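Bear in mind the structure is a predicted one, so any value in this text is a computation, not a measurement. Proteins get letters first, then strands, A, B, ... in listed order; numbering begins at 1 in each.
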Amino acid sequence: QKEVEQDPGPLSVPEGAIVSLNCTYSNSAFQYFMWYRQYSRKGPELLMYTYSSGNKEDGRFTAQVDKSSKYISLFIRDSQPSDSATYLCAMSGAGGTSYGKLTFGQGTILTVHP
Amino acid sequence: GAVVSQHPSRVICKSGTSVKIECRSLDFQATTMFWYRQFPKQSLMLMATSNEGSKATYEQGVEKDKFLINHASLTLSTLTVTSAHPEDSSFYICSARTGPAADTQYFGPGTRLTVL
């Protein structure tokens with residue numbers, strides 16, 4: 001079993017739709033949860049960062065963490081064609097040798113069509 | 001700020017040759033850099049943690065004699081793929097950390113390695 005599971009999609013939605021992206025994980029030591037966006041043949045860029053359980057909103061993006069269920073989500077409202085990319089969830093432990101080391105999900109390919 | 005560059009962006013080499021990839025933090029000093037490998041339609045897999053002035057720490061299953069990492073300065077880490085084989089063909093991405101927190105990693109644009 002992988003430490004982090006993410007549905008690879010692909011996911012195709014019309015412009016303006018609400019997009020829901022999800023990851024599940026098995027390592028209860030994960031405390032930091034991130035969502036990255038990666039365009040084709042580029043490095044990932046950080047979109048959202050949350051610590052422990054809860055919600056965080058930034059513009060059209062909302063990140064949710066439910067540690068009791070080991071489940072995290074990213075919601076994109078009013079999706080735009082420019083949101084078309086691969087979205088990767090990533091997680092990190094709180095201390096020791098795992099601090100700062102990221103474990104990534106497989107990535108979900110999202111296409112928003114006009 | 002927090003820009004990370006990689007060079008080259010793409011390299012094609014013959015089987016058996018060695019390839020060096022550079023990772024630079026352009027506007028900050030990074031005591032820690034990370035090297036990842038990403039196969040098509042797969043996730044980023046951490047290969048090693050590179051610390052300035054000390055030996056790199058490799059993840060389980062990564063051959064340290066094959067993937068040589070040097071972090072000679074606070075702004076430069078290099079990954080050398082020695083005696084490359086076609087199965088080493090992949091997208092190699094580095095990241096540099098500006099601080100201790102998990103959200104302080106900034107990624108380079110990646111290097112596409114193709115071994116013929």
Worksheet item: In the hydrophobic clustering that connects Ile, Leu, Val, Met, Phe, Trp and Tyr at side-chain heavy-atom distances below 4.5 Å, which members other than A:Val13 occupy its cluster, ordered by chain and number?
Response: A:Val4, A:Leu11, A:Val19, A:Leu21, A:Tyr25, A:Phe30, A:Phe33, A:Trp35, A:Leu47, A:Met48, A:Phe61, A:Val65, A:Ile72, A:Leu74, A:Ile76, A:Tyr87, A:Met91, A:Leu110, A:Val112
Worksheet item: Should A:Tyr51 and A:Phe104 be counted in the same cluster of Ile, Leu, Val, Met, Phe, Trp and Tyr side chains packed under 4.5 Å apart?
Response: yes
Item to complete: Pick whichever of B:Leu46, B:Thr32, B:Leu44, B:Thr57 has the most heavy-atom pairs under 4.5 Å with chain A.
Response: B:Leu44
Discussion item. Looking at B:Arg10, I want to see if its CZ is surrounded by more than 12 non-hydrogen atoms of other residues, nucleotides or ligands under 6.0 Å.
Written reply: no
Discussion item. Pair A:Leu46, B:Tyr106 - check side chain to side chain contact (heavy atoms under 4.5 Å, CB included), show working.
Written reply: CA-CA 8 Å; A:Leu46 181 66; B:Tyr106 294 88; over 6 Å; no
Discussion item. Report which part of A:Glu45 has an atom under 4.5 Å of a heavy atom belonging to chain B: side chain, backbone, both, or neither.
Written reply: neither
Response to the item:
CZ of B:Phe107 to NZ of A:Lys42, rounded to nearest 0.5 Å, is 16.0 Å
Item to complete: Might you point out which heavy atoms bring B:Phe34 and A:Lys101 nearest each other, and give the distance in Å?
Response: CE2-CG, 4.1 Å
Discussion item. Quick check on A:Arg41: does its CZ atom have over 12 non-hydrogen neighbours (other residues, nucleotides or ligands) under 6.0 Å away?
Written reply: no
Worksheet item: For the candidates B:Arg112, B:Glu59, B:Gln6, which exhibits the highest count of non-hydrogen atom pairs separated by less than 4.5 Å from chain A?
Response: B:Glu59
Response to the item:
All heavy atoms of B:Gln105 vs all of A:Tyr36, minimum pair found to be O-OH, 4.2 Å
Worksheet item: Hey, what do you get for CD (A:Gln6) to OG (B:Ser43), rounding to the nearest 0.5 Å?
Response: 7.5 Å
Discussion item. If you count heavy atoms of other groups shown closer than 6.0 angstrom to NZ of B:Lys66, is the number above 12?
Written reply: yes
Fill in: Same apolar cluster: B:Phe91 and B:Leu113, side chain cutoff 4.5 Å
no
Fill in: Separation of B:Arg97 CZ from A:Leu102 CG (nearest 0.5 Å)
9.0 Å
Worksheet item: To the nearest 0.5 Å, how far apart are OG1 in A:Thr103 and CE in B:Met45?
Response: 8.0 Å
Discussion item. Does B:His7, at its NE2 atom, have more than 12 non-hydrogen atoms belonging to other residues, nucleotides or ligands within less than 6.0 Å?
Written reply: no
